[in-house]
Amino acid sequence: MKQEKLHFFTERLAAWFAGNHRPLPWKGEQDPYRIWLSEIILQQTRVEQGMPYFERFCREFPTVADLAAAPEDAIMKAWEGLGYYSRARNLHAAAKYVAYERGGVFPATYEGIRQLKGVGPYTAAAIASFAYGLPYAVVDGNVYRVLSRFGGIAEPIDSAGGKKTFAQLAQRALEVAPLPPGSYNQAIMDFGATHCKPKAPFCTDCPLSRECSAFQKGKVGLLPVKEKKIKRKKRFFHYLVANYGAEVLIHKRTGRDIWQNLYEFPLLEWPEAAASEEQIRRSAPWATLIGDRGAVVRQVSPPQQQALTHQQIQAVFWEVEVEGPPPAASELGPFIRAERKNLSKFAFPKIIDCYLGDNSLYLKLV
DNA sequence: AAGCCGGGGCG
DNA sequence: CGCCCAGGCTT
């Protein structure tokens, strides 16, 4: 892109920003800990969705030392429902690193920030510019969209070459912008989020449209270009809600799969949608935990749905009253006993959280 | 380079 | 129902 056009872009953007920026709780924030927290929360997450989580983390974990000292389960619980739970696990690891190996001092260089777990190029640039005024351009979904449209650049944003192209262009723009790095980064993201939106952008009322290649060519709707399309695999879960008086059994998910370190009921995964009650009774974990001592109270239907990025989860909840005491500790295996009234203390995936909410009446009465 | 990791909002 | 969101890690 010609230098002249780049100047036009940054000057018009700065003028737009002067009258349109979004007032957000973390704007003007000086504390690198809070800036880091907000950026991790906002990864692949809408501002409105992340806001209450940011407030909660600031309240429950006011300093990096508080976060480092917290039990992982407490952090997972605070993160419950936000998704991409590796962010929470990495957040904890990074907090312990800063608190215990750096004496509580947050890194103040791009490279130092980039070393933190869960911090990639975008987040490092965001923290470096917001907290320390360092000249690193952020490249997030908004930036890809704004630059690809304004520059008329059809190079795929999810290719190696495209990432490099847009990163270089973003950096050039930051360096000629009549704004400090942090403000410039805020400006281009606010502009992308509220004006140059994915759908129905405000092109007819846009201060950049005169030089916007996509607008001039009528190709706004075709940019940015992505080349990879995701395919969603279907999975069929059967959750065994085994009630022993006031207690149920749960376990923590481990291993390389979704929802790591979250809790759930004993799970039977079935390769296809149809599974008879007889098949489920004969399979683990039902057969091992309950045998023939269980009476089905209710099979929650229809199956509950949960869409993930690469998977479509279909879950059936089997509520079972089991005669006799819960299994002895030696026979519990990975499962733990929990009183139903204490289930809210554990972090569950959304599909189970929804089930617990919808069935709170049953859970209180029985 | 490709695959994987949540959940919600919107057209 | 498909796309997108203040992306990053693993393989």
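Sequence lines set the chain letters: A, B, ... in the order given, protein chains first and strands last, and positions in each chain run from 1.
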Is the phosphate of [N] approached by [X] (side-chain N or O, under 4.0 Å from OP1 or OP2)?
| X | N | value |
| --- | --- | --- |
| A:Q260 | B:dC5 | no |
| A:W259 | B:dG7 | yes |
| A:Q44 | C:dC5 | no |
| A:K350 | B:dG8 | yes |
| A:Q311 | B:dC4 | no |
| A:Y85 | B:dG7 | yes |
| A:K226 | C:dC3 | no |

Which part of the nucleic acid does [X] contact within heavy-atom distance under 4.0 Å: base, sugar-phosphate only, or nothing?
| X | answer |
| --- | --- |
| A:W79 | nothing |
| A:L262 | nothing |
| A:G81 | sugar-phosphate |
| A:R22 | base |
| A:S86 | nothing |
| A:I40 | nothing |
| A:A160 | sugar-phosphate |
| A:Q186 | base |
| A:V119 | sugar-phosphate |

Separation between the [atom1] atoms of [N] and [M], rounded to whole Å:
| N | M | atom1 | answer |
| --- | --- | --- | --- |
| C:dC5 | B:dC5 | C1' | 15 Å |
| C:dC4 | B:dG6 | C1' | 14 Å |
| C:dC9 | B:dG8 | P | 24 Å |
| C:dA6 | B:dG11 | P | 15 Å |

Interatomic distance where [atom1] belongs to [X] and [atom2] belongs to [N] [whole Å]:
| X | N | atom1 | atom2 | result |
| --- | --- | --- | --- | --- |
| A:L222 | C:dC3 | CG | C1' | 15 Å |
| A:E48 | B:dG8 | CD | P | 14 Å |
| A:D158 | B:dG3 | CG | P | 11 Å |
| A:R145 | B:dC10 | CZ | C1' | 13 Å |
| A:Y84 | C:dC9 | OH | C1' | 12 Å |
| A:L82 | B:dC5 | CG | C1' | 13 Å |
| A:R256 | C:dT10 | CZ | P | 12 Å |
| A:M51 | C:dC5 | CE | C1' | 14 Å |

Q: Output every pair passing ring pair (Phe, Tyr, Trp, His ring centres under 6.0 Å) with a member in residues 280-308 of chain A, not counting sequence neighbours, ordered by first then second residue.
A: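 Found none.
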Q: Ignoring hydrogens and angles, state whether a donor on the side chain of A:E155 or A:T165 is under 3.5 Å from an acceptor on the partner side chain.
A: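 Yes, a side-chain donor-acceptor pair sits under 3.5 Å.
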Q. Within 45° of the six-membered ring axis of A:F150 and under 6.0 Å from that ring's centre, is NZ or CZ of A:K5 located there?
A.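 Here A:K5 passes the 6.0 Å and 45° test against A:F150.
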Q.
Using the ring pair (Phe, Tyr, Trp, His ring centres under 6.0 Å) criterion, which residues pair with A:F348? Sequence neighbours excluded.
A.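 Per chain and number, A:F348 pairs via ring pair (Phe, Tyr, Trp, His ring centres under 6.0 Å) with no residue.
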Q) For the side chain of A:R87 and the base of B:dC5, is some donor closer than 3.5 Å to an acceptor across the two? A)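 Donor-acceptor pair under 3.5 Å: no.
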Q) Quick one: does A:T123 reach the base of C:dG7 with a side-chain donor-acceptor pair under 3.5 Å? A)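 No such pair is found, so the answer is no.
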Q. Would A:K252 and A:D73 pass as an ion pair if we require N to O under 4.0 Å?
A.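 The answer is yes: the pair qualifies as a salt bridge.
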Q: Specify the residue among A:S159 and A:T309 whose closest nucleotide of DNA chain B lies further upstream toward the 5′ end.
A: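 With A:S159 and A:T309 compared, the 5'-side residue is A:S159.
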Q: Report the residue (A:K199 or A:G120) whose heavy-atom-nearest nucleotide on DNA chain C is the more 5′ of the two.
A: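 Between the two, 5'-proximity favours A:K199.
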Q.
Between A:Q49 and A:Q43, which residue's closest nucleotide on DNA chain C lies nearer the 5′ terminus?
A.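 Looking at DNA chain C, the more 5' nearest nucleotide goes with A:Q49.
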Q: Quick one: sort the A:F191 and A:H195 rings into parallel, tilted or perpendicular, breaks at 30° and 60°.
A: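 Rings of A:F191 and A:H195: parallel, under 30°.
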**Q.** Pair A:K27-A:D190, salt bridge (Lys or Arg N to Asp or Glu O under 4.0 Å): steps then yes or no
**A.** CA-CA 12 Å; A:K27 277 193 181 174; A:D190 277 8; 2.4 Å; yes
